[in-house]
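None of the values given here were measured: they were computed from a predicted structure. Reckoned from all heavy atoms, side chains included, excluding hydrogens, waters and symmetry mates.
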Amino acid sequence: MSGAAGPVSCDVLIVGGGINGCGIARDLAGRGLTVLLCEQDDLARHTSSSSTKLIHGGLRYLEYYEFSLVKKALAERELLLKSAPHIMWPLRFVMPHDPSMRPVWMVRIGLFLYDHLAKREWLPASGTVALRSHATGAPLKPGYTRGFVYSDGWVDDARLVVLNALDAQARGATILTQTRCESARRTAKGWQATLKPAGGAPLQVQARALVNAAGPWTGEFLRERAGQTSARSLRLVKGSHIVVKKLFDHDHAYIFQNPDKRIIFAIPYEGDFTLIGTTDVEIQGAPDAARIDADETAYLCEQASRYFARPVVPADVVWAYSGVRPLLDDASGDASAVTRDYLLEFDGGVGAAAPLLTVWGGKITTFRKLAEDAADEVGRLLGEARPAWTEPAPLPGGDLRAWIGTPRRPDTDFERFVSTLRSRHGWLPLALARRLARAYGARIDRVLGRAESLADLGAEVAPGLHEAEIRYLQREEWVTCADDLLWRRSKLGLHYSAAERQQVADWLAAHPLSVPPMNAPTSDTSEPRSETSCN
């Protein structure tokens, strides 16, 4: 990255710090291109931290004949689970059979396809379960006697984004959060862009190529800030989730069929809770203004109560969140039927000045493949085609070999990691050891440093959260305020009282990071990173 004085120069400027933008930045940086990514808020601030948090093929997409999408997602499933076993793990799903919904033969055909559309090395196949004699039947109404089980995976979605950003940065990319791309202008020599950091002076960037990965703002950025047009468009579909105190003690999740032909999930969440979602509500307003409404809460409670013996009511909700999915408009009448596949649109041929890539749509499970496809094309258009590399590569913290030796399978590897962590750092309380292991994997030593006791981690700012961890998050994971830490880098906000959340906010306000973020570009207009406000 050049630009000690004057504009910063790079091969590729990426706008958008969600899963697609960070995944593309990682892939391109790993191919040796100079990359700058800017995000107007925090990493994963919007859609990418508001998913149902599943690594899955999408069983219900088979009904819409999305065989290509399901196959692509299923092929990615085990690759992802292996790449970061600390933030992703396998999960078994139970579908109680309701004779008034899909018939048995249809479910069986769907599960057969789900098992066989892509190679499956270690995830168990689908099957049936007698609910009256199985632990998963205990929380359900007695009328549900038969169920189907199948495998998918769970992911900490916001941390997945951060891990991609960390890997991109380690490979030479510059990641700028709280930095809005105000404008991008195409010239004969490439793209000239103006970036505006929160509280800082504008930064001029000269890039050979531009990637528009702005998620729900993709169309707006293209038209209003890049001055370009496209025949493509997005449908913005709000997906809302509710969290209640845990409704069951076993480790399976549920997939429930609803009379409207939609499905909802009920998933073990953060140890003490159950996550229920999602809705599909098309919106027309500003994406960042989307919030769950009373009708959505009532819908999720009503559908869950059709199955659980103890009704779920709005008063049970302890937290809720909404995310806006930027879905490629395929003219489907029903928001639930809009494709979850992605489309990469390129403007500019090989050798042309200032190529532009726009990312339309996508889902978390296929982010790596999307990034690989995007990097292939960007390299080709720049005349620097370089081989793909991410398929076998672990994400930061995901390579546990220094702790456990030869990997076997992701779920058991993680438990071996926790066991080794406990043997090396016996002074860590078990709950704290497991939380840190889940969050940071093999990077945990960057949090613990040379600590040999809890006291060495500094003051306990809130239960289980010590100063050493907060400093690490500020220094290496772009945390600037309490929301970044409590709701995206972790879900500690769900476990804390309002007073405890305020303690974290107060500590961060009193201890702003006063040095530039890691690997920041240098120019005569750059300023130190400082505390910013969060929403």
Side-chain angles (χ1 to χ4, degrees), residues 43 83-89 156 158-167 169-170 175 270-271 394-405 407 410-482 484-496 500-501 503-505 507-508 510-515 517-519 529:
L43 297 175
S83 71
H86 55 308
I87 66 159
M88 292 184 265
W89 56 91
D156 184 328
R159 289 211 60 76
L160 180 64
V161 175
V162 169
L163 295 192
N164 275 271
L166 284 171
D167 206 12
Q169 180 176 257
I175 309 295
E270 286 292 306
L395 285 160
D399 185 353
L400 304 177
R401 288 176 296 177
W403 293 79
I404 65 172
D411 49 351
T412 57
D413 288 348
F414 178 77
E415 293 305 324
R416 291 161 60 207
F417 169 58
V418 173
S419 177
T420 305
L421 174 65
R422 292 279 289 157
S423 67
R424 293 187 189 179
H425 301 282
W427 50 270
L428 276 174
L430 178 58
L432 178 58
R434 288 193 70 86
R435 183 181 72 77
L436 296 178
R438 276 290 181 212
Y440 308 112
R443 288 175 62 90
I444 194 169
D445 283 340
R446 303 179 76 92
V447 178
L448 300 179
R450 298 181 180 178
E452 296 180 353
S453 68
L454 274 179
D456 291 341
L457 296 179
E460 189 175 25
V461 177
L465 178 65
H466 295 78
E467 288 180 320
E469 184 180 2
I470 303 177
R471 291 193 183 101
Y472 160 82
L473 290 169
Q474 288 180 302
R475 183 179 68 248
E476 299 195 27
E477 292 197 7
W478 301 277
V479 161
T480 62
C481 68
D484 297 347
L485 192 160
L486 295 174
W487 299 107
R488 288 181 286 281
R489 304 308 181 275
S490 75
K491 291 296 182 289
L492 288 171
L494 188 56
H495 299 273
Y496 288 168
E500 290 164 342
R501 293 194 292 268
Q503 288 167 201
V504 177
W507 192 97
L508 285 164
H511 302 84
L513 187 64
S514 56
V515 296
M518 295 174 59
N519 205 30
R529 187 184 189 192

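For L163 against A84, the heavy-atom pair with the smallest separation is CD1-CB, 4.3 Å. Between L432 and G464, the closest heavy-atom pair is CD1-O, 3.3 Å. C481 and L508 get closest at one heavy-atom pair: C-CD1, 3.4 Å. Nearest heavy-atom pair, I444 versus A437, reported as atom, atom and distance to 0.1 Å: CD1-N, 4.0 Å. Residues A165 and I175 come closest through the heavy atom pair O-CG1, 3.9 Å. G398 and P85 make their closest contact through O-CD, 3.6 Å (heavy atoms, listed as atom of the first residue, atom of the second, distance).
Counting only distance, with no hydrogens or angles, the side chain of R159 and the backbone of I87 share no donor-acceptor pair below 3.5 Å. A donor-acceptor contact shorter than 3.5 Å is absent between the side chain of S419 and the backbone of R416. A donor-acceptor pair under 3.5 Å is formed between the side chain of S490 and the backbone N or O of L485. Between the side chain of Q503 and the backbone N or O of V461 there is at least one donor-acceptor pair closer than 3.5 Å.
For the pair R434 and E415, the salt-bridge criterion is met [side-chain N within less than 4.0 Å of a carboxylate O]. Between R488 and E477 no salt bridge is recorded (no basic side-chain N to carboxylate O distance below 4.0 Å).
Using a 4.5 Å heavy-atom cutoff, the side chains of H511 and I470 are not in contact. Contact check for P463 versus L492: no side-chain heavy atoms found under the 4.5 Å cut-off. In this structure, E469 and L457 have side chains that are not in contact, with every pair of non-hydrogen atoms separated by 4.5 Å or more. You'll find the side chain of R489 reaches within 4.5 Å of the side chain of V162, heavy atoms only. Side-chain contact between N164 and V161 is absent, with no heavy-atom pair separated by less than 4.5 Å. Here the side chains of R422 and L430 are in contact, with some heavy-atom distance below 4.5 Å. By the 4.5 Å heavy-atom criterion applied to side chains, W478 and L166 are counted as neighbours. Inter-residue side-chain proximity for H86 and R443 is flagged as unmet; no heavy-atom pair is nearer than 4.5 Å.
Taking the six-membered ring where the residue is Trp, Y472 and Y440 present perpendicular rings, their angle passing 60° and hence far from 30°.
With values rounded to the nearest 0.5 angstrom, D413 atom CG is found 6.5 Å from L400 atom CG. R435 CZ to L465 CG: the interatomic distance, rounded to the nearest 0.5 Å, is 6.0 Å. Taken to the nearest 0.5 Å, the CE atom of M88 stands 9.5 Å off from the CG atom of D156. For the atom pair NE2 (H425) and CG (L448), the distance works out to 5.5 Å, reported to the nearest 0.5 Å. Note that CD of E476 and CZ of R446 are 4.0 Å apart. Values are rounded to the nearest 0.5 Å. L473 contributes atom CG, which lies 11.5 Å from atom CG of L513 (distance to the nearest 0.5 angstrom).
Among pairs with a residue in residues 458-468, those fulfilling side chain to side chain donor-acceptor pair (under 3.5 Å) read E467-W507, at least two apart in sequence or across chains.
More than 12 heavy atoms of other residues, nucleotides or ligands sit less than 6.0 Å from atom CZ of R424.
Stacking of R438 on the aromatic ring of W89 is recorded, both the 6.0 Å distance cut-off and the 45° axial limit being met. Both tests do not hold together for R501 against W487: distance to the six-membered ring centre under 6.0 Å, angle to the ring axis within 45°.
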